[in-house]
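Single-structure report; data block below.
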Amino acid sequence: MRLMSIQLNESEPFDLDATLCCGQTFRWEKHGEWWYSVAKGKILKIRQTNNRLVFENVDSGFVKAYFRLDDNLLKVYSQISKDDHVRRAISVFRGLRILRQDPWECLISYICATYKSIAGIERMLFSLSRRFGEKIHFDGLDFHTFPTPRRLTRAHPDDLAKCGLGYRTKYVHETAEIINKNELKFERLKNTSYKEAKAELMKLPGVGLKVADCVLLFSLEKLGAFPIDVWIKRAITEHYARYFQKELILRTTSKRSLTSMDYEKLNAFGREYFGEYAGYAQEYLYHYERTHC
DNA sequence: CAAGTGCCTTTATC
DNA sequence: AGATAAAGGCACT
């Protein structure tokens, strides 16, 4: 198997570990110095040494697309650096990039992600793949492809539940049926406006405001999407309270879940305040809130 | 060790 | 319409 590499220069910061550990993706595993995952039915194996990305089994075009090396991160930074707090988060995780994930896997992942810890999400998704995906042997390790829509349609709900999906079982199964019937085309959503694409996604069972925003940001080219989860809610109430009415801040700090009205307010703030690349700001704030507070 | 809390929320029901 | 409760289960305290 041939090793290939990409040389990164100063103007294109990239940090592989930060990118894969920030909680946007759930099916990567590190063995020794190498990161492994399965994408498009193939093993992706990659490592970073300083300014060099070394990878195997995939071509550089795929690596550039998947890791969004086509994003001008310096331009992104200059646009989202609106205050000291984001600037701090950016400086800590400099090189973290949004991934360009597969929409189907991303959709199911975030339907499963509701009300669940990251470790729990990873367990569910590995379990789903082990049970319903295709096994691939590589470097003496076993990997599994992510199950296709058709395969999940055929799966018995009891067997989905055995993967720890709980109340999400029905949502995953019904969404798989809709996608399998090709009633929602991801490629079309990429070329549709943020608002319209979000409304389309929210017709799917198990997809609300937050899940839709995650799928749009991580797999459908909507870098301006700004998902609001408990951590971002915390970051906003702690560092951006001055932009909101006192009652909203009180409500969101005292209650566990957001009303859809309050979600819309926090979401609109993020998108307007940070601009075109608000999703990047979200990911830096999210990761910073989880690891440094 | 039991019980409580929290988890990258959505939906059903009042 | 707008608020509230219920929905796996697991990890952590």
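Below, chain A is the first sequence line, B the second, and so on; all start at residue 1. Heavy-atom basis, side chains included; hydrogens, waters and symmetry copies ignored.
Rounded to whole Å, atom C1' of C:dG9 lies 16 Å from atom CD of A:E122. The distance from atom NZ of A:K116 to atom C1' of C:dG8 is 6 Å, rounded to the nearest whole Å. Between A:K233 atom NZ and B:dC8 atom C1' the separation is 12 Å, expressed in whole Å. Residue A:L285 contributes atom CG, which lies 16 Å from atom P of B:dC8 at whole-angstrom precision. Going from atom CG of A:L125 over to atom P of B:dC8 covers 13 Å, rounded to whole Å. In this structure, A:R234 atom CZ and B:dT9 atom C1' are separated by 14 Å, rounded to whole Å. To the nearest angstrom, P of B:dT10 lies 16 Å from CD of A:E174. A:L128 places its CG atom 16 Å from the P atom of C:dG8, with the value rounded to the nearest Å.
Within 6.0 Å of atom NZ in A:K190, more than 12 heavy atoms from other residues, nucleotides or ligands are found, so the atom counts as buried in its surroundings. The number of heavy atoms from other shown groups lying within 6.0 Å of CZ (A:R87) is above 12. For CD of A:Q7, the number of neighbouring non-hydrogen atoms (other residues, nucleotides, ligands) closer than 6.0 Å is greater than 12.
Among the protein residues, A:L204 comes within range of the sugar-phosphate backbone only, with heavy atoms under 4.0 Å from sugar or phosphate atoms but none that close to a base. Among the protein residues, A:L165 comes within range of no part of the nucleic acid, since none of its heavy atoms lies under 4.0 Å from any strand. Backbone-only engagement by A:G206 is indicated by non-hydrogen atom pairs under 4.0 Å involving sugar-phosphate atoms exclusively. Using a 4.0 Å heavy-atom criterion, one finds that A:E283 contacts the bases of the nucleic acid, with or without backbone contacts as well.
Taking every side-chain heavy atom of A:Y286 into account, B:dC8 is the closest of C:dG9, C:dA11, B:dC8. With distances taken from any side-chain atom of A:K210 to the nucleotides B:dT9, C:dC10, C:dA3, the minimum falls on B:dT9. Here the side chain of A:Y171 is nearest to one of C:dA3, B:dT11, B:dT9, namely B:dT11.
With salt bridges taken as basic N to acidic carboxylate O contacts below 4.0 Å, one links A:K198 and A:D213. Using a 4.0 Å cut-off between a side-chain N of Lys or Arg and a carboxylate O of Asp or Glu, A:D15 and A:R97 do not qualify as a salt bridge.
For the P atoms, the distance linking C:dA5 with B:dC8 amounts to 23 Å, nearest Å. Across C:dG8 and B:dT13, the matching P atoms stand 14 Å from one another, rounded to whole Å.
Both A:M202 and A:T25 lie close to DNA chain B; mapped to their nearest nucleotides by heavy-atom distance, the more 5′-ward contact belongs to A:T25. Ranked by how close their nearest DNA chain B nucleotide is to the 5' end, A:Q24 and A:P205 are led by A:Q24. Across the interface with DNA chain C, nearest-nucleotide mapping of A:T114 and A:A119 shows A:T114 to be the residue nearer the 5′ end.
A:W34 and A:D139 form no side-chain donor-acceptor contact under 3.5 Å, judged by distance and modelled atom types alone.
Annotated as anti: C:dG9, whose glycosidic dihedral deviates from 0 by more than 90°.
In this structure, A:R290 reaches the B:dC8 phosphate: one of its side-chain N or O atoms is under 4.0 Å from OP1 or OP2.
Within the shown strands, nothing qualifies as a pairing partner of C:dG8 under the Watson-Crick or G-U definition with both distances less than 3.5 Å. The partner of B:dC8 cannot be assigned: no Watson-Crick or G-U wobble pair with both contacts below 3.5 Å exists in any strand.
Here A:Y167 does not pack flat against the base of C:dG8, since the 5.5 angstrom centre distance and 30 degree tilt limits are not both met.
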